[in-house]
Number of protein chains: 2
Amino acid sequence: MERSVHRSPADLAEMDGMCSASIEQGMILRDLLDHLGDKWTLLVVGMLENGAVRYSELKNRVPGISQRMLTLTLKKLERDGLVSRQSFAEVPPRVEYSLTELGRTLLEPALGFARWAMESSDHITAARAAYDSRD
Amino acid sequence: MERSVHRSPADLAEMDGMCSASIEQGMILRDLLDHLGDKWTLLVVGMLENGAVRYSELKNRVPGISQRMLTLTLKKLERDGLVSRQSFAEVPPRVEYSLTELGRTLLEPALGFARWAMESSDHITAARAAYDSRD
DNA sequence: CCGTATCCCCCCAGATACTG
DNA sequence: CAGTATCTGGGGGGATACGG
């Protein structure tokens with residue numbers, strides 16, 4: 001038990017340059033995943049890439065999302081300051097969602113991720129097939 | 001309704017380069033999240049950033065992970081070809097996990113994400129506080 | 001040390017119905 | 001059109017005990 005918890009100050013100092021970055025990133029990544037790692041959040045953000053989109057259109061564009069989850073996801077994103085909501089006093093009612101400044105900064109890493117997924121999906125599929133057909 | 005749905009063929013053609021990519025990315029992102037979007041996967045990948053790590057050390061470095069989930073996560077990563085497992089015929093037994101070539105390519109987008117999270121966590125916290133303290 | 005096997009709880013998300 | 005309210009199940013994941 002002491003092995004993992006008890007470290008000398010020297011150890012900690014040494015770790016600072018090489019390893020604690022990973023650990024800190026681990027913590028932050030943890031938070032990140034708790035907020036963005038769910039089933040729909042990144043999808044919704046992706047759909048707002050090109051500008052404001054209204055609720056119903058969003059529901060159409062994100063295949064399979066339920067009203068409940070769309071609402072919940074948008075509320076959370078709004079709370080986190082990544083998405084802004086603008087409702088128009090019209091009839092029929094119209095509500096548009098768009099990325100905030102902060103939300104747009106998320107776009108780049110998110111698309112980087114998506115790019116990786118597209119470039120790697122073949123390799124992964126192949127790797128999986130190879131793994132499954134081993135004895 | 002027409003505002004958002006009805007677009008001229010020219011518009012659609014123009015969107016081809018900028019927007020349908022989003023939709024396809026949505027699909028791919030979907031798969032991505034199904035595989036990497038769980039609670040532990042990216043954390044484990046992050047811990048392998050600097051080279052091979054053995055099972056028990058991994059368990060120590062990923063705070064709060066259970067043996068069960070660590071094993072499951074590693075198995076899945078191995079199946080996907082992102083992590084390779086090497087066991088040494090020693091006593092006591094020793095098993096080391098490391099990123100494959102493919103796994104290392106994931107590192108860049110993942111760390112990009114982590115970087116964003118670190119740079120943005122303050123903003124998000126602030127936004128959340130502002131949102132919660134509104135009437 | 002490195003896992004596997006089993007049990008079980010919690011909560012996420014889907015379905016459905018209803019309001020402004 | 002743009003949500004809210006409520007019920008429900010399925011599965012992710014923790015705890016624990018055991019095996020190689």
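Below, chain A is the first sequence line, B the second, and so on; all start at residue 1.
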Grab the [atom1]-[atom2] distance between [X] and [N] for me, whole Å please.
{"X": "B/L72", "N": "D/dG12", "atom1": "CG", "atom2": "P", "result": "9 Å"}
{"X": "B/L74", "N": "C/dC2", "atom1": "CG", "atom2": "C1'", "result": "11 Å"}
{"X": "B/D38", "N": "D/dG11", "atom1": "CG", "atom2": "C1'", "result": "13 Å"}
{"X": "A/I65", "N": "C/dT16", "atom1": "CD1", "atom2": "C1'", "result": "17 Å"}
{"X": "B/L33", "N": "C/dA13", "atom1": "CG", "atom2": "P", "result": "11 Å"}
{"X": "B/Y97", "N": "C/dC2", "atom1": "OH", "atom2": "P", "result": "9 Å"}
{"X": "B/D34", "N": "D/dG12", "atom1": "CG", "atom2": "P", "result": "10 Å"}
{"X": "A/Q86", "N": "D/dA2", "atom1": "CD", "atom2": "C1'", "result": "15 Å"}

Which nucleotide in [options] has an atom nearest any side-chain atom of [X]:
{"X": "B/Q67", "options": "C/dG14, D/dA17, D/dC1", "value": "D/dA17"}
{"X": "B/S66", "options": "D/dG14, C/dC1, D/dG3", "value": "D/dG14"}
{"X": "A/P93", "options": "C/dC2, C/dA17, C/dG20", "value": "C/dG20"}
{"X": "B/M69", "options": "D/dG3, D/dG13, D/dT6", "value": "D/dG13"}

Would you tell me if any nitrogen or oxygen in the side chain of [X] comes within less than 4.0 Å of OP1 or OP2 on [N]?
{"X": "A/Y55", "N": "D/dT4", "answer": "no"}
{"X": "A/K39", "N": "C/dG14", "answer": "yes"}
{"X": "B/K75", "N": "C/dT4", "answer": "yes"}
{"X": "B/R68", "N": "C/dT4", "answer": "no"}
{"X": "A/T71", "N": "D/dG3", "answer": "no"}

Check B/L102 against A/H123 and note the closest heavy-atom contact, atom names and distance.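 Residues B/L102 and A/H123, closest heavy atoms: CD2-CB, 3.7 Å.
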Testing the basics here: between B/E78 and B/R85, what is the closest heavy-atom pair and its distance to 0.1 Å? OE2-CB, 3.8 Å
Would a distance-only check, ignoring hydrogens and angles, find a side-chain to backbone donor-acceptor pair under 3.5 Å from B/S66 to B/M69?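 It does hold such a pair.
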Are the side chain of B/Y131 and the backbone N or O of A/K76 linked by a donor-acceptor pair below 3.5 Å?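 Looks like no, no N/O pair under 3.5 Å.
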Assert: residue with more 5' nearest nucleotide on DNA chain D, out of B/G64 and A/V95, is A/V95
Would you classify A/F88 as touching base, sugar-phosphate or nothing, given that sugar-phosphate means primed atoms plus P, OP1 and OP2, and contacts are heavy atoms under 4.0 Å?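 Touches nothing.
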What I want to check is whether the side chains of A/T41 and A/T73 have a donor and an acceptor closer together than 3.5 Å.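 Note: A/T41 and A/T73 side chains miss the donor-acceptor criterion.
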